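Data block below; observations after.
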Number of protein chains: 2
Amino acid sequence: MLISTKGRYGLRSMADLVLNAQENPVPLREIAERQGISESYLEQVFALLRKAGLVNAIRGSYGGYTLARPADQITVGEVLQALEGPLTLANCAKIGTPLECDKMDSCLTMPFWKELSAKMEEVMSSFTLQDLVAKETLPGLTPEVKEKEE
Amino acid sequence: MLISTKGRYGLRSMADLVLNAQENPVPLREIAERQGISESYLEQVFALLRKAGLVNAIRGSYGGYTLARPADQITVGEVLQALEGPLTLANCAKIGTPLECDKMDSCLTMPFWKELSAKMEEVMSSFTLQDLVAKETLPGLTPEVKEKEE
DNA sequence: ATTAATCCTACCATCTTACTAGGTTTAGAA
DNA sequence: TTCTAAACCTAGTAAGATGGTAGGATTAAT
């Protein structure tokens, strides 16, 4: 039940973009290198992010990508939905789509799927990219992990 | 990001089993017919449910399946985990598995995945099979939908 | 003109999914 | 004992998704 690499790579890359955004746009080559992801595969990921209006692209030499909005105004849910499509685990959790729900008994499971989707949506829309890079926002975790070398 | 048919069919079939459990075991043929699912595919689904200890099988003529425990003591999460494997959406949400987390920046996303998994687990473990068939248990939803009939 | 970047499309191998098919046991009933 | 209906088991398979690679075209700063 893992999410695909598109979503995982894309989310990591967006966090990377937040961290490394100076005044210059960030080229994919750098993100790919830092994150250990194939550059040409990342191109396809960022094509989706661009179409969703989450990043801006600057073409040509010294080009790259920038966030289309401030990091605290882009939710993780937006990123994942752009890359993975609808974020529901069953069709009958989607509003207005009684696709398989014409079976009488199958709809017994609908309240569960709806509740699950609602809770997932809650988490995804409350987490922003800023939350990912600002480690202090998460109370339960140890903030001092500076063991690593620079 | 849909869950597979194994999970969806299995959950519907378990609810079906709750509803149609008399003193006799319920044969797969009946469940398959009611739910509109291929019987031989359902066999594979129930093989997983049996190995997980969620149903008991009675072989031979007049055989079939029964719940291994009362319906209010089997959670939806148990059923889905038996059919889908681990219910996390990213590896780093699993405890004790720093698989892709040796990349420094990749772990920026870990708190999100952990939070999401925790919330999903919360819903899945709070919903029992009994809740699925007893529609009054859901407070947020309209308990009487008779108005739509008229 | 060169270079470095995005952009675009096609292709590919592997894996997963959702089955189907065909057989074997098992046990109640006739 | 035989018939029958059920669980059980394993292999195969077509279609789609996944996770890329390859090669070029376009764009813009130097």
Side-chain angles (χ1 to χ4, degrees), chain A residues 1-13 17 20-33 35-68 80 83-86 89-91 100, chain B residues 1-13 17 20 23-33 35-68 80 83-86 89-91 100:
Chain A
M1 195 178 139
L2 289 180
I3 224 170
S4 77
T5 55
K6 271 202 171 69
R8 302 203 306 279
Y9 289 1
L11 191 56
R12 277 166 52 194
S13 299
L17 195 50
N20 298 283
Q22 268 51 341
E23 56 266 27
N24 298 325
V26 182
L28 282 193
R29 178 183 44 77
E30 294 180 6
I31 298 179
E33 188 175 352
Q35 298 295 328
I37 300 172
S38 145
E39 181 181 346
S40 86
Y41 189 46
L42 254 198
E43 285 183 1
Q44 299 170 37
V45 172
F46 271 76
L48 295 171
L49 293 172
R50 186 176 54 83
K51 280 170 194 156
L54 298 176
V55 297
N56 292 324
I58 291 106
R59 303 183 64 169
S61 192
Y62 284 77
Y65 289 91
T66 61
L67 288 184
L80 291 181
L83 299 170
E84 299 284 333
L89 293 180
N91 279 330
E100 4 178 43
Chain B
M1 195 178 142
L2 289 179
I3 223 170
S4 77
T5 55
K6 271 203 171 69
R8 302 203 307 278
Y9 289 0
L11 192 55
R12 277 166 52 193
S13 299
L17 195 50
N20 297 282
E23 57 267 25
N24 299 324
V26 182
L28 281 193
R29 178 182 44 75
E30 294 180 6
I31 298 179
E33 189 175 352
Q35 298 294 327
I37 300 171
S38 145
E39 181 181 348
S40 86
Y41 189 46
L42 255 198
E43 284 183 0
Q44 299 170 35
V45 172
F46 271 77
L48 294 172
L49 294 172
R50 186 176 55 82
K51 279 168 195 157
L54 299 176
V55 296
N56 293 324
I58 291 107
R59 302 184 63 167
S61 191
Y62 285 78
Y65 289 91
T66 61
L67 288 183
L80 292 181
L83 299 170
E84 299 282 333
L89 293 180
N91 279 331
E100 3 177 45

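To find a chain, count down the sequence lines: A is the first, B the second, and so on, and within it residues start at 1. These numbers come from the heavy atoms of this one structure, side chains and all, not from hydrogens, waters or symmetry mates. The shown structure was predicted, so the numbers you read here are calculated from the model rather than taken from an experiment.
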Q.
Whole angstroms only, please: what is the NZ-C1' distance between A:Lys6 and D:dG20?
A. 9 Å
**Q.** Residues in side chain to side chain contact (heavy atoms under 4.5 Å, CB included) contact with A:Leu48, at least two apart in sequence or another chain
**A.** A:Lys6, A:Leu83
Q: Just jot down the side-chain hydrogen bond (donor to acceptor under 3.5 Å, both in side chains) partners of A:Ser61, sequence neighbours excluded, or say none.
A: none
**Q.** Rounded distance in Å - CD1 (A:Ile31) to C1' (C:dA5)
**A.** 13 Å
Q) Any idea which heavy atoms bring A:Ala32 and A:Ser38 closest together, and the distance? A) CB-C, 4.4 Å
Q. Rounded to whole angstroms, how far apart are OH on B:Tyr9 and P on C:dT17?
A. 14 Å
Q. Quick one: is A:Thr5 getting a side-chain N or O under 4.0 Å of the D:dT18 phosphate, OP1 or OP2?
A. no
Q. What string of B, S and - do you get for nucleotides 2-10 of chain D, 5' to 3', when a contact is any protein heavy atom under 4.0 Å?
A. ---BBBBB-
Q: Would you please name every residue forming a side chain to side chain contact (heavy atoms under 4.5 Å, CB included) with A:Glu43, sequence neighbours left out?
A: A:Leu28
Q: Kindly write out the residues that satisfy side-chain hydrogen bond (donor to acceptor under 3.5 Å, both in side chains) with B:Ser4, not counting sequence neighbours, or none if the list is empty.
A: B:Glu84
Q: Check the distance between C:dC8's C1' and A:Leu48's CG and give it to me in whole angstrom.
A: 13 Å
Q. What pairs with B:Thr5 under side-chain hydrogen bond (donor to acceptor under 3.5 Å, both in side chains), at least two apart in sequence or on another chain?
A. B:Tyr41
Q) Just how far, in rounded Å, is P of D:dA14 from OH of B:Tyr41? A) 17 Å
(Q) So, OP1 or OP2 of C:dT16: does either fall under 4.0 Å of a side-chain N or O from B:Ser4? (A) no
**Q.** A:Leu2 CG - D:dG19 P separation (whole Å)
**A.** 9 Å
**Q.** Interatomic distance where CG belongs to B:Asn24 and P belongs to C:dA27 [whole Å]
**A.** 17 Å
Q | Length of the line joining B:Ile3:CD1 and C:dT16:C1', which is rounded to integer Å | A | 15 Å
